[in-house]
Amino acid sequence: MFSTFKVSNSSKLQISEFILLGFPGIHSWQHWLSLPLALLYLSAVGANILILVTIFQDSALQQPMYYFLGILSVVDMGLATTIMPKILAIFWFNAKVISLPECFAQIYAIHCFVGMESGVFLCMAFDRYIAICHPLRYPSIVTNAIVVKATIFMILRNGLFVIPVPVLASQRNYCSRNEIDHCLCSNLGVTSLACDDRRPNSICQLVLAWLGMGSDLGLIILSYILILRSVLRLNSAEAASKALSTCSSHLILILFFYTVVVVISVTHLAETKATLIPVLLNVLHNIIPPALNPMVYALRTKELRAGFRKVLYLIREKK
């Protein structure tokens, strides 16, 4: 897809590859960060695979709430795998070179998976809203068919919605510098090398981010306002506590995810020069949620913990 952009703009493009330098300001010892990052990546992949296997094996978990969690696990693994192999290759093998089509493809994949994660959080908020505010209607509203339709919608929305970001990046004129002070191809880092005006790229990314994830966040907030209003009307303190506890893990993940998104967006809007903290935050935002999500749900969801024990018991029995 992106190679065609390169050919069509061959008169403009005078460089054929970018060089990812890694974390700005710490190039001499950044390879020491490879161990914690590799451990985070392996824990993210391993924990999310365990969640998928547990949901598949345990019939008690085969319901919409856990299907959405399984979809989140797939998205998390996709997001982490989009960036971590290249980052580790930079640190371990000094493989800093990345072609323009590969770079634009990575920009597309990152934006797509981040948008899908936001969409999954919205679906999970909707699931909790129906379960708490309309419990009698829950089985008839949140069905397996709804899960499938929501998944297809998220794939199509984010797959098509973010296309303008890499397309506009590929249309810029990269005529001189090709070194990016980053570990991955971020839209801001790549277009900062352009010799022509990159404001259309910045505006496009911000507009798409606030239309997509901004609308998701607005609907999530509305869902939890309605949930809170419904919980406060309950006469039993125990029932209210139980209702809120089912939402706690979801709220922890949402708070972390959107806080970092807002910080990165503000940094982007300010068009500040790449420094260590924003770059590190950008990388961690793509690897910590995939590792954190399974841990939070495992710690706070009794049914999931029971499912883990069953799967681990089966594994030991087979040995």
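All residue numbers in this chain count up from 1 along the given sequence.
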J.: Please tell me whether Asn94 and His31 have a donor and an acceptor in their side chains that are separated by less than 3.5 angstrom.
T.: no
J.: Any donor and acceptor pair, going by atom type alone, linking the side chain of Asn178 with main-chain N or O of Ile19 inside 3.5 Å?
T.: no
J.: Asn173 side chain to Cys195 main-chain N or O, any donor-acceptor pair under 3.5 Å?
T.: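 Judged by distance alone, no pair lies under 3.5 Å.
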J.: Verify, without hydrogens or angle tests, whether Asp127 (side chain) and Val142 (backbone) share a donor-acceptor contact under 3.5 angstrom.
T.: no
J.: Are any side-chain N or O atoms of His111 and backbone N or O atoms of Ile107, one a donor and one an acceptor, separated by less than 3.5 Å?
T.: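 Yes: the side chain of His111 pairs with the backbone of Ile107.
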J.: Tell me yes or no: between the side chains of Ser118 and Tyr258, is some donor less than 3.5 Å from an acceptor?
T.: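 Per modelled atom types, Ser118 and Tyr258 side chains form a pair under 3.5 Å.
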J.: When you measure from the side chain of Gln205 to the backbone N and O of Leu188, does any donor-acceptor pair fall under 3.5 Å?
T.: no
J.: Does the Asp58 side chain pair with the main chain of Thr54, one donor and one acceptor, at a distance under 3.5 Å?
T.: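 Not a single qualifying donor-acceptor pair exists.
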J.: Look at the side chain of Gln57 and the backbone N and O of Val311, then say whether any donor-acceptor pair between them is shorter than 3.5 Å.
T.: no
J.: Rounded to the nearest 0.5 Å, how far does NE2 of His182 lie from CZ of Phe23?
T.: 8.5 Å
J.: What orientation do Phe121 and Phe257 show, parallel under 30°, tilted 30 to 60°, or perpendicular over 60°?
T.: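 Rings of Phe121 and Phe257: perpendicular, as their planes differ by over 60°.
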J.: Any side-chain heavy atom of Val114 within less than 4.5 Å of one from Asn286?
T.: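 With C-beta onward as the side chain, the pair touches.
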J.: Please confirm whether the backbone N or O of Pro278 pairs with a side-chain atom of Asn282, one donor and one acceptor, at under 3.5 Å?
T.: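 Not confirmed, Asn282 side chain does not pair with Pro278 backbone.
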J.: So Phe104 and Tyr174, would you call those rings parallel, tilted or perpendicular, with 30° and 60° as cut-offs?
T.: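 Rings of Phe104 and Tyr174: tilted, 30 to 60°.
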J.: What's the separation between atom CG in Leu69 and atom OG in Ser73, rounded to the nearest 0.5 Å?
T.: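 That separation rounds to 5.0 Å.
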J.: Can you run down the ring-ring contact (aromatic ring centres under 6.0 Å, His included) pairs that involve residues 295-317, sequence neighbours left out, and say none if there aren't any?
T.: none
J.: Do Leu79 and His285 have side chains that approach each other closer than 4.5 Å (heavy atoms only, starting at C-beta)?
T.: no
J.: Could I get the full list of salt bridge (Lys or Arg N to Asp or Glu O under 4.0 Å) partners for Lys149, not counting sequence neighbours?
T.: none
